[in-house]
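Below: one structure, written as structure tokens.
Heavy-atom basis, side chains included; hydrogens, waters and symmetry copies ignored.
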Amino acid sequence: YNHIKQEEYTEAIPYLKEALETKGVSNKKKARLAFVLGQLSALQKDAVSSYEAFNKVSDFHPSYDLQFFAKLNAAQQGVVSGKAKKEDLLNDLKKLTRDEKNIEFGTAIYHSMALVHLADGNREEAKATLIKGLSEKGDNTQKTESFYLMANMYYEDEDYLKAKNYFDSTLAVIGDKDIRKEEVNRYSQSLAEIARNLSIIQVQDSMLIVSSWPDKEQKQWARKIVKNRTAGLVMPKAGLLDQANAIQSGRNIPTSLPT
């Protein structure tokens, strides 16, 4: 755990693997260690090892919540690693939505389904699935992840009005201790003017010269404003899927681990 606290994840992995093979370690502890191993492997972009570790959690008869979240993470890593078929993963996740014991985790389940679609390159299906999930039951932590992912997807798509709206929605539910809160707040503020201008274009396009421009030129105009307004802000270098997996699987290790 010292390596984990110091974010020395590569160094921590061998110790976790050794502990899983050690006699005398309780199943309860091994289940938690397997889960953490899956998280760390995901952060190291070793999807195969992550998938195997999350699947191994069930071998140790974990608590319901721990096994549930292990299944969600295994689904995400399964499609990335190619160890599982997209259709099988989606079917397994859909089964979880029909179990009354999972009713409070609806948003999280659909978020995982969206990541499967995203890994398969289907961004529009991922967005539709996230929207569906946000209409289901879920606590603020679950809502935060889906709103945040939607905001980043629309930002990458240069749809700044929707990006602004989803950053605002993220701010409404994000925890005070979440390290992304300041970043989300800054993006929300920096996009405020361009969002207002784009709203005017949509509502009163006949009054604006910009509205007569081709779509490509409107986006170039918007991009220039965003560049000026977001000077000093740095988007994560990781792609959306890597970013989402890191958030879902690795944030606040190991304190975020379900008990």
Side-chain angles (χ1 to χ4, degrees), residues 3-4 7-21 30-60 62 65-96 105 107-127 129-130 133 141-142 145-146 148-150 152-153 156 180 235-254 256-258:
H3 285 302
I4 294 174
E7 298 185 0
E8 297 172 346
Y9 301 143
T10 302
E11 290 79 0
I13 287 175
Y15 290 101
L16 291 173
K17 290 181 177 179
E18 181 180 349
L20 288 173
E21 301 299 326
K30 283 187 176 181
R32 291 172 59 83
L33 292 176
F35 191 95
V36 173
L37 178 59
Q39 291 180 308
L40 297 189
S41 297
L43 287 176
Q44 298 300 306
K45 297 184 179 181
D46 185 350
V48 172
S49 295
S50 179
Y51 174 74
E52 292 174 348
F54 283 126
N55 275 328
K56 195 174 184 63
V57 170
S58 62
D59 293 345
F60 304 113
D65 282 3
L66 186 60
Q67 182 157 343
F68 172 81
F69 283 105
K71 286 181 179 179
L72 293 191
N73 282 284
Q76 297 163 24
Q77 299 303 319
V79 70
V80 175
S81 65
K83 296 286 286 185
K85 294 181 179 179
K86 171 189 171 184
E87 293 76 14
D88 293 339
L89 292 171
L90 290 175
N91 286 335
D92 288 343
L93 290 170
K94 287 177 182 177
K95 289 179 182 178
L96 292 178
F105 303 115
T107 300
I109 297 172
Y110 280 97
H111 186 93
S112 293
M113 292 171 65
L115 291 181
V116 172
H117 288 302
L118 194 57
D120 197 44
N122 195 336
R123 291 173 67 89
E124 295 308 310
E125 189 65 30
K127 290 176 184 175
T129 303
L130 287 171
T141 299
Q142 297 174 49
E145 303 306 336
S146 292
Y148 183 75
L149 181 55
M150 287 286 278
N152 279 281
M153 290 179 73
E156 283 195 355
R180 297 166 295 172
M235 287 293 286
K237 293 183 179 179
L240 276 177
L241 185 63
D242 290 338
Q243 184 186 143
N245 280 336
I247 293 167
Q248 183 83 355
S249 300
R251 193 177 73 254
N252 297 329
I253 294 175
S256 65
L257 184 63

For residues 83-90, which side-chain N or O atoms pair as donor and acceptor with protein atoms under 3.5 Å away, sequence neighbours left out?
{"residue": "K86", "atom": "NZ", "partner": "D120", "partner atom": "OD2", "Å": "3.0"}

Original post:
Does some side-chain heavy atom of V79 sit less than 4.5 Å from a side-chain heavy atom of L115?
Top reply: no
Original post:
Going from CG on L37 to OH on Y15, what distance comes out if it is rounded to the nearest 0.5 angstrom?
Top reply: 15.0 Å
**OP:** Any salt bridge (charged side-chain N to carboxylate O under 4.0 Å, His left out) involving residues 66-77? Give me the pairs, sequence neighbours left out, ordered by first then second residue.
**Re:** none
Original post:
How many angstroms lie between OG in S58 and CZ in F60, if you round to the nearest 0.5 Å?
Top reply: 9.0 Å
**OP:** Quick one: list whatever passes side-chain hydrogen bond (donor to acceptor under 3.5 Å, both in side chains) with K56, sequence neighbours left out.
**Re:** none
**OP:** Sequence neighbours left out, what passes side-chain hydrogen bond (donor to acceptor under 3.5 Å, both in side chains) with T107? Give chain and number order.
**Re:** K143
Original post:
So which heavy atom on Q142 is nearest to which on A108, and how close?
Top reply: OE1-N, 3.0 Å
**OP:** Any chance you could measure H111, atom NE2, to L93, atom CG, to the nearest 0.5 Å?
**Re:** 11.5 Å
Subject >> Straight-line distance of T129 OG1 to K127 NZ, nearest 0.5 Å >> reply: 12.0 Å
Subject >> Residues that S41 engages under side-chain hydrogen bond (donor to acceptor under 3.5 Å, both in side chains), provided they are two or more places apart >> reply: none
**OP:** Could you pull out all residues at least two apart from F68 that satisfy ring-ring contact (aromatic ring centres under 6.0 Å, His included)?
**Re:** F105
Subject >> Closest non-hydrogen atom pair, R123 against M153 >> reply: NH2-O, 3.1 Å
**OP:** Would you please test I13 and D46 for side chain to side chain contact (heavy atoms under 4.5 Å, CB included) and show each step?
**Re:** CA-CA 11 Å; I13 287 175; D46 185 350; over 6 Å; no
**OP:** Starting at CG of L40, measure out to CZ of F35 and round the result to the nearest 0.5 Å.
**Re:** 11.0 Å
Subject >> Where F54 and G38 come nearest, the two heavy atoms and their spacing >> reply: CZ-C, 3.4 Å
Original post:
Which atom pair, heavy atoms only, marks the closest approach of V80 to A119?
Top reply: CG2-CB, 4.2 Å
Subject >> Residue pair Q77 / S50: nearest heavy atoms and the distance that separates them >> reply: CG-OG, 3.1 Å
Original post:
If you look at every heavy atom in A74 and Y51, which pair is closest and at what distance?
Top reply: O-CD1, 3.2 Å
Original post:
What distance do D59 atom CG and K30 atom NZ have between them, rounded to the nearest 0.5 Å?
Top reply: 10.5 Å
